[in-house]
Amino acid sequence: MESIFEILNKNDFNRCNIVTLLKSKSDESKLILDKARAVKLANVGSKVYYRGLIEFSNICLKDCYYCGIRRSNKNTNRYEIDADNILKAAKFAHENRYASIVLQAGERTDNVFVEKVNKLLKEIKKISNGELGITISLGEQSEEVFKRWFDSGAHRFLLRIETSNRELYSKIHPNNNIHNFDKRLEMLQSLQNIGYQTGTGVMVGLPFQTYEDLADDLLYFKKFNIDMVGMGPYIEHTETPLYQHRQKLLPAKERFNLTIKMNAILRIMMKDINIAAATALQSIDPLGREKALKFGANVIMPNITPTIHRKEYQLYENKPCIDEGADDCMGCLEARIGLAGDTVAYGEWGDSKHFFERQKKK
Ligand code: 5AD
Ligand code: FES
C-alpha cells in the first residue's frame with residue numbers, strides 16, 4: 001500500500017488513496033493538513049471572504065430525517081422574517097463591508113415565497129448599488145424559478161447533495177417525490193447550466209456512512225466540476241428520526257477531525273474552488289471554523305440573522321452564537337481568523353476562481 005507521503009505527492013487521488021488519507025492517524029494527518037495549507041496559500045491565498053448569513057424562515061415543506069426544522073417537528077416555533085428586517089440585515093452586511101450575503105430558509109415552492117425572494121433580490125441589489133453579492137440557499141425549485149432568481153440578482157446557489165451515495169440518501173430522507181436523489185443531482189446540474197456559481201456539500205459522520213462514501217463524495221465534486229463546497233459534521237438532533245441511530249455515530253471529536261480532513265483533501269484535489277468553513281464545525285469546537293480555514297477553506301458565513309430568531313433556526317442542536325447580535329461577533333471573529341494566519345477580505349466578493357476557469361473553457 002502507498003504511504004501517505006507517496007499519495008500526497010501524486011497529482012490525482014483515486015478512491016483507495018482518499019480512503020487511506022481519511023483513515024490516517026494524527027502524525028500522518030498532519031502531513032495532509034500541512035499540504036492543504038500550502039496548496040491553499042499557493043492557489044487562493046490567505047484571504048477569507050465573508051458571506052453574511054440571513055436565515056429568514058424556518059418554515060419547511062420537507063422532512064429530512066436529520067434536520068431540526070423538518071416539517072414533522074412540532075416542537076419548534078415557526079417564523080418568517082419580513083422583508084424590511086431582511087433588508088436591514090443586508091444593509092448591516094453592506095455597511096460593514098461583508099461584500100456578500102447568503103439568503104437561506106427552509107424549503108418552500110409556493111408563489112408567495114418565490115415572489116418574496118424575487119423582490120428581495122432586486123431590492124438588495126438596489127439598496128447596495130449592486131455592491132452586495134448574493135448567494136441563495138433555498139432548496140429545490142423549478143428551472144424557471146432558478147432562472148428568475150438568477151435574473152433578479154442571485155449569482156451563487158448552494159444546494160448540498162448531503163451524500164453521493166444513493167442508498168445512504170434514501171436512509172436519511174423519506175422516499176417520495178420531494179426527497180429524490182436523482183432529482184437533487186439534476187437540480188444541481190440545472191443550476192450550473194443557468195450560470196450560477198454552483199455550490200454543494202455533504203454531511204460528514206452520518207450514521208451508516210463509510211469512508212468509501214466520503215471518498216466518493218470528494219470524487220463526485222471533482223467530476224461535477226463544482227465551484228464551491230461546504231462540508232460540516234453531522235450533529236444529532238433529539239427531535240428527528242435519525243436520533244435513534246446515535247449509537248452508530250463516531251464520537252463528536254472524531255467526526256470533527258474527519259470533517260477537517262475532508263476539507264483539507266478537497267483543497268488538495270480542487271485547488272481553485274471556494275470552500276466554506278461550515279458553521280456546524282463550531283458546534284463541536286469553538287474554534288472549529290477557523291481550523292477549517294487554516295487547512296483549506298477560504299469562505300466563512302458569519303450569522304447576521306436578527307438575534308431573536310436564531311434560536312428557532314436550529315437544524316442541529318448546540319448551534320453557536322444564537323444569543324449574540326451580528327455586531328457582537330465581528331471583532332472577535334476577525335481576531336480568531338487572524339490567529340489562524342488568515343486575513344478578512346472586507347469589501348471583496350471573492351468569487352470562486354474555478355468558476356471563471358470553467359467559463360473560459362466553455
Ligand atoms: N447536522 C449537521 N448539518 C445539518 N444540516 C441539516 N441538518 C443537519 C444536522 N443535523 C445541513 C444540511 C443542509 C444544510 C443547510 O444544513 O447539509 O443542507
Ligand atoms: Fe427542510 Fe430538509 S428538512 S430541506
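Each ligand, and each atom within it, is numbered from 1 in the order the structure gives. Just the heavy atoms: all of them, side chains too, but no hydrogens, waters or symmetry mates, feed the values below.
For Thr343 (side chain) and Lys47 (main-chain N/O), no donor-acceptor pair under 3.5 Å exists by modelled atom type. Of the possible donor and acceptor atoms, one in the side chain of Tyr196 sits under 3.5 Å from a partner among the backbone N and O of Phe150.
Inspection of the Asp272 and Asn43 side chains reveals no N or O donor paired with an N or O acceptor under 3.5 Å.
Seen from the ring of Tyr243, Arg246 counts as a face-on cation partner, given the 6.0 Å and 45° thresholds. Taking the ring centre of Phe256 as origin, the terminal cationic atom of Lys253 falls inside the region bounded by 6.0 Å and 45° from the ring axis.
Ring geometry, Trp149 versus Phe157: the interplanar angle falls under 30°, so the pair is classed parallel (tilted spans 30 to 60°).
Ring-centre distance between Tyr98 and His94: not below the 6.0 Å cut-off.
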Under 3.5 Å, which donor-acceptor pairs link side chains of residues 102-114 to any protein atom two or more places apart or in another chain?
unit_1, atom_1, unit_2, atom_2, d
Gln104, OE1, Tyr313, OH, 3.4
Gln104, NE2, Ser137, OG, 3.0
Glu107, OE1, Glu140, N, 3.3
Glu107, OE2, Glu140, N, 3.3
Arg108, NE, Asp110, OD1, 2.8
Arg108, NH1, Glu80, OE1, 3.2
Arg108, NH2, Asp110, OD1, 3.4
Arg108, NH2, Asp110, OD2, 2.9
Asp110, OD2, Phe113, N, 3.1

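A heavy-atom cutoff of 4.0 Å around ligand 2 is satisfied by the protein residues Cys60, Lys62, Cys64, Cys67, Arg70. Taking a heavy-atom cut-off of under 4.0 Å, ligand 1 is surrounded by Tyr66, Cys67, Gln104, Arg160, Glu162, Met203, Pro233, Tyr234, Ile235, Leu315, Tyr316.
In the hydrophobic clustering, where aliphatic and aromatic side chains (Ile, Leu, Val, Met, Phe, Trp, Tyr) are joined below 4.5 Å either directly or transitively, Met203 groups with Tyr65, Tyr66, Leu168, Ile172, Leu206, Phe208, Tyr234, Leu242, Leu249.
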